[in-house]
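Worksheet: one structure, shown below.
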Amino acid sequence: MARIVMKFGGTSVGDIERIQRAALRVKAESDAGHEIAVVVSAMSGETNRLVDLTRAAAPMHDAREYDTVVAAGEQVTIGLMSMALQDLGVNARSWLGWQLPIHTTDVHSAARITSIETGEVIRRFGEGQVAVVAGFQGMAPNGRITTLGRGGSDTSAVALAAALKADRCDIYTDVDGVYTTDPRIVPAARKLDKITYEEMLELASLGAKVLQTRSVELAMNHGVRVHVRSSFSDEPGTLVVDEEEIVEQQMVNGVTYAPNEAKITLRNVADKPGVSAGIFGPLADANINVDMIVQNVSEDGATTDLTFTVPRDSLDRTRKVLDGVRETLQWSDMTADPNVVKVSIVGVGMRSHVGVAKTMFQALAEKGINIQVITTSEIKVSVLIADEYTELAVRALHTAFELDAA
Ligand code: ADP
Ligand code: ASP
Ligand code: MG
């Protein structure tokens, strides 16, 4: 007997028939004698619809009320899933975040799970009951409803698996595993049987939305065995594992892109101590997440140019913050370019191979793609390019690193 968390994403519960099909999978595991907690997302499109409603109601709304609205999608699916299970003769009940409860911080719309109370669910496992838990939501210390950021049901599932000390966390989605790149833009993408936590963490944070970044972080920290697989087929999916479990390492295992960046360039910034702190300090205070940064070597020893990226939806706020410090820092002009994309290659094999960056830059040069900014870490290289070249770049890199399916 095993204890399993089964998570179904939006498409997998997109209509009643799909909910019934997902319920059949749950029944099969339950009939096999396993203890099951199901985590569900809202029906596909539903969270977007709710987000749009909040914007229409008031552009500058209260984040607590935003969470109250957007968490509602999952309430519907836990009820429908429980009904579908009961209809199949499975003992099941639904749980909202506050009912368990799933405790979170009070950072509304981007809350982090702090703990989950599992006593009652475990007691009911003993009676053969399946728990159907709402993903994406939790409860702040003051009792208000919170949400975990878009795609947050993955995190709910992994956190619940960790709290329940589950043997597995199966993520059922609309692709049959983690691919070398988004299979929707590169048909030659290949499914990976296994991927390391570290690579998955980079892929997720660099744009692959198949798992929410925070869910991978939690899985890595708590040793949760995550299996990403299709809710529409019985094909084995992708296991997220420790590095030791992978025998042969490729140089690069994934190519990804993050389309939601914007580039800011400040020209003729004074080249003296304290200037970077004077710029990035106020941006951090305004909760603006600066990503890539390059500073040119000063030609005249007096001024330099500074380029960095911020999330595209923070562009207006970034401009405002910078306008506020211009008087003291005195750059000559500021340009903003929202038409950029960050394309990255990821692989733990980079640690032991040389020439990875060279292959990347050559492949892009051959397609005439200009690189605007470069950043690297031990297991990834990212470049910023014009967003009109996204597909071309991703495909070229996929081929250059011999990832194309045979
Ligand atoms: P769910 O609703 O089940 O959570 P998501 O839409 O959040 O599903 O995530 C699945 C999607 O992630 C796929 O449809 C696919 O287009 C996208 N995706 C991006 N990169 C990858 C990748 N490397 N491997 C698999 N899927 C990817
Ligand atoms: N329903 C939420 C969203 O669309 C959470 C999720 O799907 O994981 O972001
Ligand atoms: Mg998702």
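Whatever order the structure lists them in is the order used to number ligands and atoms, beginning at 1. Numbering of residues begins at 1 and proceeds along the displayed sequence.
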Tell me which part of K209 gets within contact of ligand 1: side chain, backbone, both or neither, using heavy atoms under 4.0 Å.
both
Please name all residues satisfying salt bridge (Lys or Arg N to Asp or Glu O under 4.0 Å) with E198, sequence neighbours left out, ordered by chain then number.
R351
Is there a polar contact between ligand 1 and Y179, counting only N or O atoms under 3.5 Å apart?
yes
Which residue in the set I195, L211, N253, V210 passes side chain to side chain contact (heavy atoms under 4.5 Å, CB included) when paired with L203?
I195
Set of residues satisfying salt bridge (Lys or Arg N to Asp or Glu O under 4.0 Å) with respect to K380, sequence neighbours excluded:
none
With a 4.0 Å cut-off on heavy atoms, does G151 reach ligand 1?
no
Can you tell me which residues line ligand 2 if we count any heavy atom under 4.0 angstrom from one of its atoms, in chain and number order?
S41, A42, T47, E74, F136, R150, G151, G152, S153
Those atoms of ligand 1 less than 4.0 Å from some heavy atom in T173:
1 (P), 3 (O), 8 (O), 10 (C)
Q212, K209, K7 screened by side-chain hydrogen bond (donor to acceptor under 3.5 Å, both in side chains) with D154, the one that passes:
K7
Please identify each residue that fulfils ring pair (Phe, Tyr, Trp, His ring centres under 6.0 Å) with Y66, with sequence neighbours left out.
H61
For atom 21 (C) of ligand 1, closest protein heavy-atom neighbour
D182 CA, 3.8 Å
Nearest non-hydrogen protein atom, atom 10 (C) of ligand 1:
D174 OD1, 3.5 Å
Look at the side chain of S156 and the backbone N and O of F136, then say whether any donor-acceptor pair between them is shorter than 3.5 Å.
yes
Is G10 in polar range of ligand 1, meaning some N or O pair under 3.5 Å apart?
yes
Where on I171 is there a heavy atom closer than 4.0 Å to ligand 1, on the side chain, on the backbone, on both, or on neither?
neither
What do you reckon, does K7 put a non-hydrogen atom under 4.0 Å from ligand 1?
yes
For V178, atoms of ligand 1 separated by under 4.0 Å from a heavy atom
24 (N)
